[in-house]
There are 2 protein chains.
Amino acid sequence: MGGASEPRSECPINAAVEAFGDRWSLIVLRDIVFGDRRYFRELQTNSIEGIASNILADRLKRLVASGLLTREDARPGQRARYSLTEPAIQLVPVFVQLGSWGIRHRPTSSALNAPAVLLEQGGPALWREFMDELRREHLGSELLARSPSVRERLNAAYLAAADSS
Amino acid sequence: MGGASEPRSECPINAAVEAFGDRWSLIVLRDIVFGDRRYFRELQTNSIEGIASNILADRLKRLVASGLLTREDARPGQRARYSLTEPAIQLVPVFVQLGSWGIRHRPTSSALNAPAVLLEQGGPALWREFMDELRREHLGSELLARSPSVRERLNAAYLAAADSS
DNA sequence: ACGAGCGGTTGCAAAACACAAGCGGAAGGG
DNA sequence: CCCTTCCGCTTGTGTTTTGCAACCGCTCGT
């Protein structure tokens, strides 16, 4: 379980696939990035896809091992918080493109689309703002300014779309 | 085997994960898009990750079933050509972001990086040009202009990087 | 008739996945 | 103290997917 076992190739796309190319890793990361879930139970019980606890435990371990998440302490029996690392935060553009593609080419819910639409329309400037926000929340320095956050706007778009549907 | 079995959710990101979120689908598509491989044996024997023939057969079937590829005829014993569909061509921005991420955050080969770097620097204008090129090659209308193609430039970049390493 | 090339299939073992149940530690209340 | 609740998982079971190697029927050029 310990180690990265020989990459299949040195292709950057293959590297990405090896890091999170399975049916759950991106879903977990999505819930942390967009859903602001940072604890095991939160991730499990609020999962719309219904992830099983053993799979979640395994993915969290792997994502920590591969440097996409960090796990903050917690002695047994206590809440352990997961945080995004800089590499994980830089997945935002990947998520945006995946979301844009999904909206265009698969049947999806307009409510769940709303955040993706907003990010697409906001363009790279909005992505960067969101990434800065994630850095503030996940990489120390939890202080700093408070204007309506990008995630709050994304959630507002979701709720508005959910209400009207 | 026939049908799309109930999506786990209507989230656009989940839709993308369900369509090609496994260890091989994106690799196969990458080889078709960037490597210009359109036949089974080409895909199998030139695969740098070494895909097994049964996995390749299964992925091609699935990608056809989910509308990302088309398979042109071929009675048994004859070459069957696979072509990208419009949804698959629109994965180019996804590939670009995955490649950018891989370069930045994983150990990769500078030769295999070169095309990704070029696409990143070229920006959306170059992506669109490449997508138009793919449309010409894969969606009928195989005619039209001939300036040095984007893929040729990507390959040139790869070869240059491979030589000097 | 023959060999090479074509797109696969088959069998088998190992790994990953899904589902349900349970577990030891910690925290809160009576 | 005891009891309940919540915490992050682990365990056990059966099913599905993967990886590896061998093999198959067909067609085409010679």
- Between dG7(C) (P) and Asn46(B) (CG): distance, integer Å: 12 Å

- Item | Remaining members of the apolar cluster that contains Val117(A), side-chain heavy atoms under 4.5 Å | Ile103(A)

- Return the value, rounded to whole Å, for the distance between atom CD of Glu18(A) and atom P of dA16(C). 13 Å

- Note on the structure: Leu69(A) atom CG is separated from dG8(D) atom P, nearest whole Å, by 14 Å

- Message: Taking Asp132(A) first and then Arg128(A), would you say they form a salt bridge - that is, a charged N and a carboxylate O separated by under 4.0 Å?
- Response: no

- Separation of atom CZ in Arg81(A) from atom C1' in dG8(D), rounded to whole Å: 16 Å

- Message: Would the distance check show the side chain of Trp101(A) and the main-chain N or O of Pro87(B) forming a donor-acceptor pair, the cut-off being under 3.5 Å?
- Response: yes

- Message: Base contacts versus sugar-phosphate-only contacts with protein, heavy atoms under 4.0 Å: please encode nucleotides 12-24 of chain D as B, S and - from 5' to 3'.
- Response: B-----SBB-B--

- Message: With rounding to the nearest 0.5 angstrom, report the CD to OG distance, Glu18(A) to Ser66(A).
- Response: 11.0 Å

- Query: Just by modelled atom types, is the Arg38(B) backbone N or O under 3.5 Å from a matching donor or acceptor in the Glu42(B) side chain?
  - Reply: yes

- Message: Assess whether a salt bridge exists between Arg153(A) and Glu133(A), defined as any Lys/Arg side-chain N lying under 4.0 Å from an Asp/Glu carboxylate O.
- Response: no

Between the protein and nucleotides 26-30 of chain D, are there any N/O to N/O pairs under 3.5 Å, and if so, what are the atom names and distances?
none

- Message: Tell me whether the side-chain N/O atoms of Tyr82(A) come closer than 4.0 Å to OP1 or OP2 in dC9(D).
- Response: yes

- Message: Can a donor-acceptor pair be found, under 3.5 Å and without considering hydrogens, that links the side chain of Arg71(A) to the backbone of Lys61(A)?
- Response: no

- Message: I need the Leu29(A) CG to Arg59(A) CZ distance, nearest 0.5 Å.
- Response: 11.0 Å

- Rounded to whole Å, the CD-C1' distance (Glu42(B) to dG7(C)) equals 13 Å

- Task: Send over the distance from Leu43(A) CG to dG8(D) C1', rounded to a whole Å.
- Result: 12 Å

- Message: Without decimals, in angstroms, what is the distance between Phe40(A) CZ and dT10(D) C1'?
- Response: 10 Å

- Task: Write down the distance between CD (Glu72(B)) and P (dG7(C)), rounded to a whole number of angstrom.
- Result: 13 Å

- Please report the shortest heavy-atom distance between Gly99(B) and Pro12(A), naming the atom on each side. O-CB, 3.6 Å

